[in-house]
Amino acid sequence: MKPTARRVGGVEVVPGTHQVVRLPVTTRLDGSLLTIACHVVRGAADGPTLAIVGTLHGSQWSSIEAIRRVVLGLEPNKVKGTVLAVPVANPIAFERNSRMTPDDSDLPDLNRVFPGGTTWITEQMAAVITAEVLEGADALINYHTGVWGSCLATVDHLGGITEPSLAASTARLAVAYGYPSIRSLGSFASNTYPGPSAIGAWSATARGIPSIAPNVGGSGFAPEVEEDWNASNVRGLRNLMAHLGMTDGQVELPPRILSSRGRGHRIVPRGAGMLEPLVGVDRLLGPVRRDELLARIVNPHTFEVTEELRSPSEGFLFGVARWHPVWPGDWAYFVADSADPRTRWLESAGTVDATAERLLALDEGRA
Ligand SMILES: [Zn+2]
């Protein structure tokens with residue numbers, strides 16, 4: 001069957017082309033039209049639709065570079081299916097380098113309002129993304145990387161999905177990304193973090209769309225460290241397209257994957273100050289001892305040490321911070337607790353499907 005044009009935001013994107021469509025949202029007070037840019041790569045042959053959404057939180061912008069490299073590196077004539085890529089889902093928050101839309105509304109967090117609504121700016125942005133990007137998607141990737149000064153190192157998926165085929169397709173996406181750390185949030189169809197109105201949770205529960213959130217990287221670190229994260233995310237997106245049959249590429253799997261479950265321990269400052277790290281990026285995915293000193297919080301005015309951040313358990317680090325000023329509650333360190341039997345290194349089974357089955361068995365307590 002000959003593929004047809006893909007209609008996005010009222011624009012017909014013909015097979016074998018890449019077009020940037022500006023999705024209109026609403027009018028801003030400066031008189032300009034608020035739009036969200038969506039890259040539509042319409043392959044020359046039919047196939048699945050992959051939705052890629054970055055910068056839902058405006059301060060978590062480091063996935064833009066990997067999305068750019070992958071989208072610009074695609075040859076639309078060789079792609080089967082369609083890529084819908086939104087590098088900056090919340091342009092207003094991004095402009096201010098803030099997590100949320102800086103407006104005076106009670107719904108400013110774009111990743112808590114899906115499928116959106118007709119009132120607040122953030123709801124309107126979600127409604128546009130839902131209608132133009134999520135409806136008709138076969139898989140969703142949404143990025144949440146570290147804000148400046150912090151980083152994360154897990155590919156998150158919802159976990160606890162009761163529908164077997166959705167559970168399997170979701171676990172396969174997580175494995176196919178090819179990153180050596182996967183966290184199950186264990187929160188499918190529940191009100192726990194990140195809640196039912198997060199983009200991934202809504203897409204899964206309301207539309208049956210498998211999704212993952214590769215939380216790989218951050219900003220403010222050495223260029224070679226950040227380049228390594230970019231390379232991981234580029235490989236991940238290319239892996240996923242190969243896994244979904246959209247390209248002829250091969251999926252590259254790591255020999256083993258650190259599996260964990262739930263939010264883990266968030267070791268964050270209770271008071272503001274300068275975070276002085278004792279543990280840095282070289283320790284990511286490595287072991288940590290119970291009570292190990294991870295960082296000190298120093299008063300930048302008096303130079304007093306006001307707080308010590310210590311690991312509450314033995315486990316593995318999947319988020320660390322660099323020297324930078326922090327506010328109370330800012331992301332600093334994340335530890336997967338080794339006391340949880342689901343925190344463990346899982347050997348790759350060679351293929352995506354077999355490894356995903358191992359991952360699910362562990363997550364569901366069958367292993
Ligand atoms: Zn986020």
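The structure presented is a predicted model; accordingly, all values stated were derived computationally and were not measured. Read the numbers this way: they start at 1 and go in the same order the structure lists the ligands and their atoms.
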So does [X] pair up with [Y], basic N to acidic O under 4.0 Å?
{"X": "Glu12", "Y": "Arg7", "value": "yes"}
{"X": "Glu226", "Y": "Arg322", "value": "no"}
{"X": "Arg263", "Y": "Asp156", "value": "no"}

Can a side-chain donor-acceptor contact be found between Thr101 and Thr122 if the only test is distance below 3.5 angstrom? yes

Thr82 versus Arg42, side-chain donor and acceptor atoms under 3.5 Å: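 Looking only at side-chain atoms, Thr82 and Arg42 do form a donor-acceptor pair, the distance falling under 3.5 Å.
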
Just to be careful: counting only protein atoms that are N, O or S, how many fall under 2.8 Å of the Zn ion (ligand 1)? 3

Might you confirm whether atom CD of Glu314 has over 12 heavy atoms from other residues, nucleotides or ligands at distances under 6.0 Å? no

